[in-house]
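Notes follow once the structure below has been shown.
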Amino acid sequence: MSITLTSSAKSQLRQSVADREKGIGVRVGVKRTGCSGLAYLMEYVDALADEDEVYQFDDVKLVIDKKSLIYLKGTELDYCLLYTSDAAD
């Protein structure tokens with residue numbers, strides 16, 4: 001498999017899909033932006049398209065369209081919580 005999930009990412013995705021109470025998983029992909037750029041995308045999936053491939057990680061499903069696979073090969077998805085403070089002293 002060309003994509004991996006850390007246990008933290010798997011747990012977060014599992015909870016996010018469960019909280020939503022519908023859908024089959026999460027889509028990860030790449031889309032064109034601007035003249036020559038690319039951007040990552042992540043969104044919930046309610047229905048599969050013909051070009052979609054489904055990767056199962058225990059009970060978590062990642063959906064990736066075939067065109068995005070070339071850009072995502074070797075990717076590891078992780079989840080971490082970052083705390084920032086904009087409060088003035």
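- In this structure, Leu41 and Val30 have side chains that are not in contact, with every pair of non-hydrogen atoms separated by 4.5 Å or more.
- Salt bridge Lys66/Glu51: absent, no basic N to carboxylate O contact under 4.0 Å.
- Two residues are said to be in side-chain contact when any heavy atoms from C-beta on lie closer than 4.5 Å; Ile3 and Glu76 fail this criterion.
- Taking each heavy atom of Ser68 and Gly29 in turn, the nearest pair found is OG-CA, 3.5 Å.
- To the nearest 0.5 Å, atoms CZ (Arg14) and CZ (Phe57) are separated by 12.0 Å.
- A distance-only check finds a donor-acceptor pair linking the side chain of Asp65 to the backbone of Lys67 [under 3.5 Å].
- Proximity of Tyr71 to Leu38: side-chain heavy atoms (C-beta onward) are separated by under 4.5 Å at one or more points.
- Summarising the geometry, atom NZ belonging to Lys10 is positioned 10.0 Å from atom OG1 belonging to Thr4; distances are rounded to the nearest 0.5 Å.
- Between Ala9 and Leu77 the shortest heavy-atom distance is CB-O, 3.3 Å.
- Although no hydrogens or angles enter the test, the distance criterion places no donor-acceptor pair under 3.5 Å between the side chain of Ser8 and the main chain of Asp78.
- Separation of atoms OG1 (Thr6) and CD (Gln12) is listed at 10.5 Å; rounding is to 0.5 Å.
- You'll find the side chain of Asp52 reaches within 4.5 Å of the side chain of Arg27, heavy atoms only.
- Counting heavy atoms from C-beta on, the side chains of Leu62 and Val54 never come closer than 4.5 Å.
- Inter-residue side-chain proximity for Val63 and Val28 is flagged as unmet; no heavy-atom pair is nearer than 4.5 Å.
- Atom CD of residue Glu53 and atom OG of residue Ser2 lie 8.5 Å apart, to the nearest 0.5 angstrom.
- A continuous path of Ile, Leu, Val, Met, Phe, Trp and Tyr side chains, each step under 4.5 Å between heavy atoms, connects Leu72 with Val60, placing both in one hydrophobic cluster.
- Within the 4.5 Å cutoff, side-chain heavy atoms of Leu5 are placed close to those of Leu13.
- Residue Tyr55 is not grouped with residue Ile24 when hydrophobic side chains (ILVMFWY) are merged at heavy-atom distances under 4.5 angstrom, including chains of intermediate members.
- Ser16 and Asp19 share no donor-acceptor pair across their side chains, judged by distance under 3.5 Å alone.
- From Tyr44, atom OH reaches atom CZ of Arg20 across 7.0 Å, with rounding to the nearest 0.5 Å.
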